[in-house]
Each structure stands twice: as C-alpha cells, then as structure tokens.
Novice: 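A single structure is presented below for examination.
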Amino acid sequence: MRVRLQDPVDLDAFRREARQLLANGVPPDHVEWSDGTQGSGGAELFGDAPAGGLGLFSDEPAAPPAPAGAARQPVPASFLALCADVILHRDPGRLALMYRLLWRLAHEPSLRHDPLDADMLRAGLMAKAVRRDIHKMRAFVRFTRVEGEQGERHVAWFEPDHRIVEANAPFFSRRFAQMQWAILTPERCVAWDGQALTFRDGADRRERPPPDAGEQLWLTYYENIFNPARLKLAMMRREMPVRYWHNLPEAALIQPLADAAQARSQSMIDAPATPARRIRAPLPLHLLPADRAAPASLDELRAVTHACRDCPIGALATQAVCGEGPVGAQRMLVGEQPGDQEDLAGRPFVGPAGQLLDRAMAQLGRPRDTVYLANAVKHFKYELRGKRRIHKTAAQREAEACAHWLDSEIALVQPRALVALGATAARALLGRPVAVQAERGAWLHERADGRPVFVTLHPSALLRLPDAERAAAYDSWLADLYGAFESPLGDSGRIQPAAARVLVP
Ligand code: URA
C-alpha cells in the first residue's frame, strides 16, 4: 500500500487513512507513507502519486488480513494528542511510526503500559521537539514595522525546525489581534489582517524586512537590562539556542556584553557602597499636623509620610517616596514600594523597573508624564547584604499601615482609574489578596470610591524572567497596559457593575 497525504500536517487526513488501513487489516510493514514533501535526497518519494488529493491506493497485491480473532483494543485519547504533535515533526518517518503505533496499540494491549517501548519513546521525543520549537517560535519571533500601500504591517522572519506554522498561528492572532502582521518562514507563511489568518507557501530569506527604528530601541533596552553579575552563558545558550541567533537582533550584543561582563562585575564589587543621602529634609515635627486628618495637599502628604513611623520601615529608608505626575491624571499607576534608586532619588520608578515601564509607556504613546506614578508602600524596605541593599517585600501589616497614605494620594490626585502593578498594589487598591496571573488584563469594579482598577504584572517580574522568556512576557504585558488605557466604562458611559469585566482584546 502506498499512502500519500497532500498536506504534510493534515492530521484528519492521516486519521481517515489510518483508520481505513486498520479496518482492512493492513499491517504497518505493508504501508509506505508519503506526505508530498521533498525527501532529504531531494526526490519526492512518490512522484507519481495521484494529483488532487489524498489517496489511498494500492498497486500491489492485497495485504494479508489481520490475524483471525485478534481483538482490537480502543486507542487511548492521549495517543491522538501525541499524534497532533508528532505529525508536525520534520522526520519523513513520522507517519509510518504513527501508523505502527496505532496498529500496535490496537493489537498489543500491553503497549500502553510500557514506558520503555522504543516506538513510544521515539514518538515522545518527536512530540517534545515539536513543542519546544513551538515555544521557541513564540519567544523568538521579532516583528519589524513595514509601511506599505495598505498602511502599517508588522513582518517577521523565522526559521522553525518543524512544520509548526499553522499550529502556532492562532497563538499569534490572539496575542497580536490588533496588529496586521505576517510571519515568513522558508516553508510556510502566515498573515493576519485583523480578521482572519491566511497561509501561503514559504518565502525567501530576501523577503525579510530591514530593521526598523523599534529594533534600535529594543537593542538599547537589551543592553541596559543586561546584568553582568548574573551572566550564565551555558544556560543562556540552552534557553536561546545558537541556531536562532542569526534572526535575533540582540544576539549580536551577547558576545561583546559577555566579554565585558567579568570586568564590569569586578568594578561593581570594587565600587564603594552608595551612601544613602537625605535628599529632601524632613519638615520639622512641629509643622506636621498633630491629628491624623488626611493631608490637604501633596506637599503635606510628602512631609507626613516622610515622618511616618507607623511601621518600622520608615526608620531605615532615606526618605519617603510619594508619587509624581499631573493632578487629575486619567490614570494612576501604582507600584509596590520604592527601590534602592528611588529611595536615594526621592522619586518613584527611576531604577531598572521604572526604565522598563517608561519604555512600555513610550511604545504605547503614553509618555510617563501623562500619568501619575505612585507606590502602595512609601518607604524602601531592604536587607543589607554586604554593601548592597536588597529589596524586601513589605509584610502585610506594613503595607496595611501605609494604605491610608495611598488613599490620601488618590483623593488628592483624583485619577479617573487605577492601574495596579503587581500583587502588593492590587491588594492595596482592592483590599483583598489578588492572584495577578488570574486577574490580570481586566477592569475590576470593586472599590467603594467607584474607581475602576486594572491589574497587571509589576515590571520587575519581567526583569526577573530568564532572557528567553522575557520577550514574550513583555509583549503580553504591553497588551495588558494597552487595555489599561482603554475605557473602563461600558458603552453607556456609566461604570459597569462589579461583575462585568472588560477583557483586553
Ligand atoms: N518598584 C516599585 O514598585 N516602585 C518604584 O518606584 C520602583 C520600583
């Protein structure tokens, strides 16, 4: 029997053919499978296969019937899931392997309980390689903006190891639903016009778009977040295999940054500790309001938070760090607490997390000075390790002691809506524990003052991710932030009831 699939990743076609072969009792070694693609030797395996489709045809004597009385076992559902991955593998022997396994599962009841079976192991390794390739495509596709007759499009060039373009395309259409984009690969291309995915044959490397301005921004960012003290080249190569490097703009920076890493780490170790400076002198205590009446101005808020000793953190910090930005801003973005650099500068979000936030806001066309940036906790909590002050998350009772200062800040700034960056901010704004991953990306209407709250990740969560995961996580964070600047109101213009959630597109 010779069986040819017209489309090398058409699992339904494979199932139809395999089911028919099995029903006819055709054993695996009587079937030759082909998928119409070029073999490694360059010749198509069945050049004379019928045009126009899937064909099961025989030009050989009929196969012997299945052994009389051999009871066929139902095939486990997990086998179908396995095949859905294996069929995407580039190995020309995968179809034969899948049919052999199907045959054996139907005739050898013990196979499903044999974890060491060579066919099962081989299929498992193929499925794993395919899933890894899918993941790498999600992490390493880099779009470039291209202006064309039909407006702006984002185009990426990628070289997958396996035939994963169709299987991965829905992920990209969900993630970049608002963009018009195309991903070109040597074997298959996919495009999204905002409504539907379309596929076409592969592209030539020369169709790859030239670098755009965004690429330079990305490189500057990459250079800035590169931490020489945390460089682990072997791990980096494992997560970001070298074969992807030629399509990754940031790869050109890795070697020079790695070469300089040791010297940079050494100079960090040799540098004297940054002295903590008191930048803004505290107001003399007698000028502070004696009662706990809410401060009447942002200046007064600064003074009273500076002197606050309602919890022990204040005594350790250089100064309190209140928010900054325009009063009456449409959005107040709330972080966790000032970090080392914010504590020294007396301003929120000026360290690495702040720079990442600035970059995202600029990309969204919402520069930092159009929003009010604040923190849930007003003092920097840290632990001294040698000369370094290492951030420590505030304990819940410390965050609670600080919550009324944030409420005062909101009352003074009067933002239209609030954006919680991370779990501490979300809890401070919603008054309950919040699982950020589960609740991110939606407007929540739970506050007594009626202000909607949008929850997303804190930028430091992205900085802590391994390099290989950061790009994809950054994209989805950007999508969240985009949603945080959309209207939290329904079409009626009225705040929606608490149960209603406006999901990010
Ligand atoms: N992280 C925060 O939550 N706030 C800052 O101001 C800086 C870093």
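Computation of the quantities below employed the complete heavy-atom set of this structure, encompassing side-chain atoms and omitting hydrogens, waters and symmetry-equivalent molecules. The first residue in the sequence is number 1, and the count goes up from there. Counting convention: from 1, in listed order, for ligands and their atoms alike.
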Novice: Of Glu336, Glu324, Gln337, His391, which has the heavy atom at the shortest distance from atom 5 (C) of ligand 1?
Specialist: Gln337
Novice: Quick one: are the ring centres of Phe454 and Phe485 less than 6.0 Å apart?
Specialist: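 Aromatic pair excluded; centres sit 6.0 Å or further apart.
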Novice: Can you list the residues that meet the side-chain contact (heavy atoms from CB on, under 4.5 Å) rule with Trp157, with sequence neighbours excluded?
Specialist: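 Residues passing side-chain contact (heavy atoms from CB on, under 4.5 Å) with Trp157: Glu159, Leu184, Pro186, Ala203, Arg205, Arg208, Asn247.
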Novice: Looking only at N/O atoms, are Asn375 and ligand 1 under 3.5 Å apart anywhere?
Specialist: yes
Novice: Scan for salt bridge (charged side-chain N to carboxylate O under 4.0 Å, His left out) pairs involving residues 256-267, sequence neighbours excluded, and state none if there are none.
Specialist: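 Not a single pair qualifies under salt bridge (charged side-chain N to carboxylate O under 4.0 Å, His left out).
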Novice: Return yes if a side-chain donor-acceptor contact under 3.5 Å exists between His391 and Gln337, otherwise no.
Specialist: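 Gln337 and His391 do have a side-chain donor-acceptor pair below 3.5 Å.
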Novice: Within ligand 1, which atoms have a heavy atom of Gly335 less than 4.0 Å away?
Specialist: 3 (O)
Novice: Below 4.0 angstrom from a heavy atom of Pro348, which ligand 1 atoms are there? Numbered from 1 as shown, please.
Specialist: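 Answer, ordered by atom number: 6 (O).
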Novice: How are the rings of Phe143 and Phe176 set to each other: parallel, tilted or perpendicular (split at 30° and 60°)?
Specialist: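 Perpendicular.
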Novice: Any nitrogen or oxygen of Phe349, side chain or backbone, less than 3.5 Å from one on ligand 1?
Specialist: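 By distance alone, the answer is yes.
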Novice: Where the closest heavy atom to atom 1 (N) of ligand 1 is concerned, which of Glu342, Gln341, His458 has it?
Specialist: His458
